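Since the structure comes first, as structure tokens, the remarks are kept for the end.
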Amino acid sequence: METDLNSQDRKDLDKFIKFFALKTVQVIVQARLGEKICTRSSSSPTGSDWFNLAIKDIPEVTHEAKKALAGQLPAIGRSMCVEISLKTSEGDSMELEIWCLEMNEKCDKEIKVSYAVYNRLSLLLKSLLAITRVTPAYRLSRKQGHEYVILYRIYFGEVQLNGLGEGFQTVRVGTVGTPVGTITLSCAYRINLAFMSTRHFERTPPIMGIIIDHFVDRPYPSSSPMHPCNYRTAGEDTGVTYPSVEDSQEVCTTSFSTSPPSQCVFTVTKAHFQTPTPVVTDTLRVPMAGLAFSHQLSSSRLSCQPAALGVGSADLACPAVFAAGLNTTHPYQLMVPGKEGGVPLAPNQPAHGAQAGDQERLATYTPSDGAHCAATPSSSEDTEAVSNSSEGRASPHDVLETIFVRKVGAFVNKPINQVTLTSLDIPFAMFAPKNLELEDVDPMGSLHSDGSSGGSSGNTQDDFVMIDFKPAFSKDDILPMDLGTFYREFQNPPQLSSLSIDIGAQSMAEDLDSLPEKLAVHEKNVREFDAFVETLQ
Amino acid sequence: MNCRSEVLEVSVEGRQVEEAMLAVLHTVLLHRSTGKFHYKKEGTYSIGTVGTQDIDCDFIDFTYVRVSSEELDRALRKVVGEFRDALRNSGGDGLGQMSLEFYQKKKSRWPFSDECIPWEVWTVKVHVVALATEQERQICREKVGEKLCEKIINIVEVMNRHEYLPKMPTQSEVDNVFDTGLRDVQPYLYKISFQITDALGSSVTTTMRRLIKDTLAL
């Protein structure tokens, strides 16, 4: 089967599959960051954009993907999977989707590797870009923040769909036939989000009072869907069965030939740009002694780190998208603005009690500026900064305190659903009855909607029963109808009868026919109308 | 060669027409656009890079991905705007359709003009519904969003069948296959037209050219 493929084609094909796998992971993870992605087109080939698509490389994600692959490639029986899960602030987690890159035995020997396969892989990546925005997890990830975060995990081997619940659905992104097998990219996603619907997150009031120990050490539940990202099936040998692809920093400089048009000349040149990956690795190893290294990274909270992106690429993405990541008190705070209450970062000292249990948190690297800088291409001096910071005991403490301060701020701030409430298109929305399932109803300040279940859609009043509503500055003894009653009665006026008429039932002709009758009636009452007009004058 | 034809149908509120059409058209064009070709000597060429952009819809709970090209977006918005206006002014049942046709040019000898041979046509049929209450509109936002998700999946399914695509052209032939007029990307040659169905249900063909002629005649 493989003897038909010459060595150069085989080499090229392996390279294509490897970088396709890495780009697939980038697209999926970036689509779950919770922000809109924007990259620029470039009329001139930059040489570093695989498959002629501007897909940024988040170093952490590339590192995780390479670790999971461990020099191997997706092959028959060995799939690369990206698991997307949701974790609430209370520690409950749930798998949302599994993206699988698989290979089967069906070969297409006729296809040209360096032309058709390459272009079809490019098309498949475009399809992936489109599909990642239409699965249910996308909308959840756009709303992550206070109550939940989205996590990812990459693993290699057998696909595990058990965590998706019953009745999960599958969407096939596409397939590409190659001389060694057919590459298939698909997604299995959970549809049973009943106990953790988006509405649940929007209505649930913020948990006030449980702040400092919010992310306290919790025993790692045995039923947790999160597994070490270096999970492998038993008995698997590393890189024995399949030749490992050289992990060189190669750029894709693709030249196509038009004579004849179907042929292709594919050249790959080695670029001498620095990759931040090794630097990041160094950084990671220093502070994380004693912790489950793979745990930390596998459950990484997603973010975008502008300085670390676009390795080798001159034109970066729209600044607005990635600059958002800088708007935090901490460079590695994996939050985007507006989503406060970030995941606390693991400290340098693993023995730190309050944080020891955060093995699932994204910790990332050293929670200091040194590590952040280390992610940029200029590596040498930053490595020093990293090692310095790891030795400095003061900074992790400071960072820890900083985190806790942010936690307090996160829940004291106006919660999202309160903003939602006031922006609803309801008259006197601010005075709309709140969810009185809360025990502590302030008798005086019932106008103060403290982030109770405003809900996301229009008619919130239908869901709640008002017990006591005392609007400020209202007096019961002067008017027979007090201000509160007035508000209640006129908040939901009945629909105008003219709007509720079925337009189809009454045509223009009928309107015109009824006009003479109406005019006659009005003429009869003309004296009353005149008298009324005189009273006005 | 037979022309591949795909038909999609959507039911939307009046204010959602534009975004729904843009979402579908941009998704198709994302798959049918490449980077700019740069031909070198010895008959080889390199390809530029295509960037992408997430677009949130204002009236639909939906986000779609489009090619990062302001020129392409402007061209689509222009024709979709004309379609939306034509739908609104038709006074009919709110039925219409847009067609996105990919074609190849075939040079003909003088005095015959070049022949345009379509190889793929995407037709999007639109049914405009009128809603009375805010609650219905909110439900419509979500429902149309879900429907568009299904349409995107359908489009991707068709794209990945890897059926006929024009061969990569030589430098002299590139304008017969691709639209090389854009600065940053290079879609296959395409044209967009639309039709509005009047109240009687008969099809009144209104091509873009005819609309312009009527406007000039007024």
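All values below come from the heavy atoms of this structure, side chains included, with hydrogens, waters and symmetry mates left out. Source: prediction; values computed, not measured. Naming convention: chains lettered A, B, ... in sequence-line order (proteins, then strands); numbering from 1 in each chain.
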### Query
Looking at side-chain heavy atoms only, is the closest gap between B/Ile152 and A/Arg133 below 4.5 Å?
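SC-SC contact between B/Ile152 and A/Arg133 ruled out.
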### Query
Do A/Val134 and B/Tyr64 come close enough that some side-chain heavy atom pair is under 4.5 Å?
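No. Closest side-chain heavy atoms not under 4.5 Å.
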#### Entry: Option that, when pairs with chain B are counted at under 4.5 Å, heavy atom only, ranks first among A/Leu129, A/Thr132, A/Ile55
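Greatest number of close heavy-atom pairs with chain B: A/Leu129.
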#### Entry: Test item: side-chain donor near acceptor, B/Asp184 and A/Ser41, under 3.5 Å
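No, A/Ser41 and B/Asp184 have no side-chain donor paired with an acceptor closer than 3.5 Å.
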On a heavy-atom basis, which atom in [X] and which in [Y] lie closest, and how many Å separate them?
| X | Y | value |
| --- | --- | --- |
| A/Thr39 | B/Ser68 | O-OG, 2.6 Å |
| A/Lys126 | B/Ser33 | NZ-O, 2.5 Å |
| B/Thr49 | A/Leu53 | CG2-C, 3.6 Å |

### Query
Using non-hydrogen atoms only, which part of B/Phe62 is less than 4.5 Å away from chain A: side chain, backbone, both, or neither?
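Both the backbone and the side chain of B/Phe62 come within 4.5 Å of chain A.
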### Message
With a 4.0 Å cut-off on N to O distance, would you call B/Asp61 and A/Arg139 a salt bridge?
### Response
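No salt bridge links B/Asp61 with A/Arg139.
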### Message
So, applying side chain to side chain contact (heavy atoms under 4.5 Å, CB included) with A/Asn52, which one of B/Ile47, B/Val50, B/Thr34 is it?
### Response
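Only match with A/Asn52 under side chain to side chain contact (heavy atoms under 4.5 Å, CB included): B/Ile47.
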Residue, of [options], that accumulates the most heavy atom pairs under 4.5 Å with chain A:
| options | result |
| --- | --- |
| B/Ile155, B/Thr27, B/Thr52 | B/Thr52 |
| B/Lys36, B/Arg66, B/His31 | B/His31 |
| B/Val185, B/Asp56, B/Thr133 | B/Asp56 |

### Query
Are any side-chain N or O atoms of A/Ser43 and backbone N or O atoms of B/Gly48, one a donor and one an acceptor, separated by less than 3.5 Å?
no
### Task
Would you confirm whether B/Asn160, through its side chain, and A/Leu124, through its main-chain N or O, come within 3.5 Å as a donor-acceptor pair?
no
#### Entry: Within 6.0 Å of CZ in B/Arg137, more than 12 heavy atoms from elsewhere
yes
### Message
For B/Arg183, is the CZ atom crowded, meaning more than 12 foreign heavy atoms sit under 6.0 Å from it?
### Response
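No - once you tally the heavy atoms of other residues, nucleotides and ligands closer than 6.0 Å, there are 12 at most.
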From [X] [atom1] over to [Y] [atom2], what is the distance, rounded to the nearest 0.5 angstrom?
| X | Y | atom1 | atom2 | result |
| --- | --- | --- | --- | --- |
| A/Ser127 | B/Glu157 | OG | CD | 11.0 Å |
| A/Arg142 | B/Asp54 | CZ | CG | 7.0 Å |
| A/Lys36 | B/Thr63 | NZ | OG1 | 7.5 Å |

